[in-house]
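Step one of this worksheet: look at the structure below.
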Amino acid sequence: MTSLVDLQLSDNFLSGSIPSSLGGLVRLQNLVFPDNALSGGIPGEIGNLRELRVLSLNRLSGSIPPELGKLGNLVHLYLYTNHLSGDIPAELGNLTSLMHAVLSDNHLVGPIPSSFRNLVSLEILYLQYNHISSSIPPELGELQSLALLNASGNSLAGVLPASFGNMSSLRRLSLFSNQISGFVPPELGNATSLAYLDLANNLLTGSVPPALGNLRNLTTLALPNNQVSGSIPRELANLRNLQQLILEINNLTGPIPSSLGNLSSLVDLRLSLNQLSGSLPPGISKLANFVSFELSNNSFSGSLPPDICRGGALEFFVVSYNQFRGEIPRSIRNCTSLIRARLEGNNLSGNFFDAFGVHPNLVYIDLSSNKLSGEISPSWGGCSNLTSLRISNNNISGRIPSELVRLSGLGVLDISLNRLNGGIPADVGNLTSLFNLNMSNNQLTGELPVGISKLSELQFLDLSSNNLTGSVPEQLGDCSKLLFLNLSNNHLNGSIPFQIGNLLSLQQSLDLSRNSFSGTIPAQIGNLMRLQYLNFSHNMISGSIPSSFKDLLSLSNIDLSYNLLEGPVPDTQFFQNASEASFSHNKDLCGKIRGLHPCKSNSISNSNTHKKNSKKFILAVVLTVIGVLSLLLLSLILIKKRSKGTENGTREASVRDTFAIWNFDGKIAYDDIVTATEDFDEKYLIGMGGYGSVYKATLPTQEIVAVKKIHPLAENNADEKSFRNEIQALTQIRHRNIVKLYGFCSTNRCKFLVYELMERGSLASILDNDEGAMDLDWNRRVSIIRDVAYALSYMHHDCSPPIIHRDVSSKNILLDSEYKACVSDFGTARLLKPNSSNWTSVAGTHGYVAPELAYTMRVTEKCDVYSFGVLTLEIIMGRHPSDLIPILSSSSATTDQDVLLPDIMDHRPPLPTFPTADSVLFAARVSVKCLSTDPQARPSMMQVSQELIPRNPQPFIKSLHAIKLSDITDC
């Protein structure tokens, strides 16, 4: 077969490797094997081929053989979508006849060879979605025949070569999702054939070059998710063929140039998340073909374009969080193409009914926080694809139309903070997809419909601050996924249904306050072991507090005031620490709480028992005295021996040894600390902990340390136990991300621990401060997440026995001057002994505690993993993620599919750009895994730390601004 000229075997089921014997087919010009299952490497023996497609859509691995550079007649080289690795051979630069080089979707690394300057016939160069790094060789600018260049989704760094302006044939340039920095070269304005320019998700700075206005053939200009600043150049108005102008997520300032109203071909305008201001140019209204019009999170003012949907093609209308005023454009009413509308956070007014008609394709709409009036039209029942309807905080009045219950796909209905009246539709149970229902702060009347119990996906129910009457239907207990229930500030009466105790998922809040409930508190409420907030105040509830309330181990706040309750308050740590106001204005409550009288004892000791107890007491005193004397004698012996061993030493040596754990002169340590803090004067106070106050002390060695002075011991010795735990834990561990314990001191007067000083304090305090949060950029936040992961992995997997922290929270993460994070506060830490049951009382900070501890109280490493997931989301959101945790932690929860990740991220620092954006997204995905309600489904901290190790980023096809919560939860 040596005379074979053409061998094409595409779209078959070929497997195995490519035989090297094909190199003997010296006359073979075309070898085409795409869409098969070939594996192995490319044999270097392949001969004088004109077209090579053997690798496309196969499973071939290994490197590209340099021998391919000998195929001088090769015209087409298609190697895409395989598992090729290694560098791109410089020898490919010898293929002077090559017109198409398609190497995309592999695992290639290294630089783009500068030898490619020799590919004088090259028209297409596709390198996207590899791991190619280094800078872009400026020699590529010499390829005068190159028309299509795509190197997106790599790790290219450095600047964009100015020589690209010399490429007279270049029509399409795609370099998105790399690490390209520097300015956009104005020389690109000389590449006049350019029709498509996408530089999204890079590190570009500087301004948009006015010279880009010379690209008269340009249809797409995309520079989103960079750090471009300055104003939008008016010269862009020369781009009469421009269809897409995408400049969102940058630092652009100033107004939109009025000349942009001349871009008659523009269909996609995206300028969100900048610092733009001013009114929209009048010419915008003349642009009739908009599909996407997105200007959110800027400072625009004035009115919206009245004819924004004149062409009937508008799908995405996003202008939220600006200062727009006036009415919603009338053209929206008949805009049947509309899919997503976000106008919240403006000053829009006018009649809500007049603004919107029937929108059969509408999926998401948010008009919250405006000044809209009018009524909700029954025609909204025709928006059959609607999943989210948010119109809270307006002046909308009238009744809730019963037609809304036709929206079977509706997941969120938020009509709170309006002036709605009438009753809740009786058929509300038909909204079978609803998971968030908020009708609070209106003027609704009537009774709660029994149909609410049919909302099997319901997680948030807020009907507070209305005029609802009647009793609470017992069927409400069937809403088994309910996490939040607020019926406060109504006129509800009757008894509290015991079926409320069936809502075992209730976690955030159960608020029935300020109603007219009577009867007793059902004992079944004690089943709600995940509940954090309970408020039954301002009712007419009588009887006693059920003893089952002692099982409400997750409670962080309770209010039973202004009722008719009597009898004892449960004798648990939580109730003892509760405020006096939580139980005030009742009939006759008693217990160990300030403001309540002690409960009367139910038993009287008889004389025999008294005598027996007296004898036991005397014996205990005698034994205690003997024990104390023995300890004193032993201490004197040890002190004498130590004095002899160190009599030739100096005080300077003692000072140096002050902080050697278990080996220091306690008196020197005590004196140094007391002197440095002026006897713990408040001016040295830098923080308050759960069981101690933290002071800053400068020692005689000029070393600055942090001193935690332990609070006076409580009767139950809990603080003493915490003191011992912290010393025991920290003396066993050494890690760069765990706060270093230098020493301790324990005297009759006080006890304290001495740590390295973390200059920036706690992560919680930084996130609570706007200036501090601005400085905490996304690179630093990702580093903090990694630091904590590394520390916990060390504690769980490198310590024997493993150490469980049990209180991983932002207040216990400290930062040094370089923002290195250290885990601190080991007062609740527990050594996980393999032969022990490891059962414990609940410890930790509410909001971070793993849900299983509310009912199992068994400590495992997975408790820390859960807390780490909460902490990671808090770092990303800039606040505690209490509203998201119930959704993200439940595999069966219905997520608001249209909520975008940037919407929940902390907006105080500028949103991250590639590659940091990918690291943030990856951390968010890891956090969701950590929040699983099933402890066994959570990863170990070793797995988490390995997944967070920095590596060559893999760019996501979507840019960050398009990532939805569903993209995180469906990983």
Side-chain angles (χ1 to χ4, degrees), residues 471-488 492 494-513 515 517-580 582-584 586-593 596 598-602 716 839-844 846 849-858 933:
S471 59
V472 176
E474 61 186 34
Q475 293 87 346
L476 188 61
D478 295 336
C479 295
S480 59
K481 294 184 180 179
L482 209 57
L483 305 166
F484 179 99
L485 175 59
N486 191 347
L487 304 178
S488 63
L492 300 169
S495 299
I496 298 173
F498 72 85
Q499 290 84 355
I500 297 292
N502 297 334
L503 301 176
L504 301 182
S505 294
L506 267 182
Q507 179 175 334
Q508 293 185 4
S509 177
L510 172 58
D511 193 345
L512 304 180
S513 63
N515 281 285
F517 288 113
S518 57
T520 60
I521 300 176
Q524 290 83 353
I525 300 296
N527 297 335
L528 307 179
M529 292 184 290
R530 300 182 182 182
L531 190 64
Q532 299 175 15
Y533 178 85
L534 174 64
N535 193 344
F536 287 170
S537 67
H538 293 84
N539 281 287
M540 296 182 290
I541 303 170
S542 57
S544 61
I545 300 174
S547 60
S548 61
F549 270 34
K550 68 179 184 300
D551 297 325
L552 297 175
L553 300 176
S554 295
L555 274 184
S556 60
N557 194 298
I558 189 170
D559 192 349
L560 300 177
S561 61
Y562 291 90
N563 279 289
L564 305 173
L565 296 170
E566 55 188 328
V569 173
D571 187 13
T572 67
Q573 189 72 35
F574 168 75
F575 281 93
Q576 290 176 12
N577 293 334
S579 68
E580 177 182 352
S582 299
F583 305 101
S584 65
N586 272 287
K587 185 176 181 181
D588 190 23
L589 288 174
C590 62
K592 298 179 181 179
I593 298 175
L596 299 181
C599 297
K600 296 179 180 179
S601 176
N602 293 324
N716 61 6
W839 291 78
T840 182
S841 59
V842 173
H846 287 292
V849 179
E852 66 269 15
L853 282 180
Y855 50 89
T856 68
M857 295 184 290
R858 185 172 186 271
T933 53

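Given the structure is predicted, the values throughout are model-derived calculations rather than measurements.
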Interatomic spacing from CG in L476 to CG in L482 - rounded to 0.5 Å: 6.5 Å

Residues L510, F536; criterion side-chain contact (heavy atoms from CB on, under 4.5 Å); working and verdict: CA-CA 8 Å; L510 172 58; F536 287 170; 4.0 Å; yes

Donor-acceptor contact present, side-chain S554 to main-chain M529, <3.5 Å: yes

Nearest-0.5 Å distance, OG of residue S513 to CG of residue L487: 9.5 Å

Heavy-atom side-chain contact between F583 and I558 under 4.5 Å: yes

Side chain N539, main chain S537, donor-acceptor under 3.5 Å: yes

Minimal non-hydrogen separation, P546 against I521, with atom names: CG-O, 3.4 Å

Intermediate values then yes/no, side-chain contact (heavy atoms from CB on, under 4.5 Å), R530 and L506: CA-CA 6 Å; R530 300 182 182 182; L506 267 182; over 6 Å; no

Atom CZ of F574 with >12 non-hydrogen neighbours under 6.0 angstrom: yes

N557 side chain to Q532 side chain, donor-acceptor N/O pair below 3.5 angstrom: no

L492 vs V472, side-chain contact (heavy atoms from CB on, under 4.5 Å): CA-CA, chis, key distance, verdict: CA-CA 7 Å; L492 300 169; V472 176; 4.2 Å; yes

Parallel, tilted or perpendicular, as decided by the 30° and 60° cut-offs, for the rings of H538 and Y562: parallel

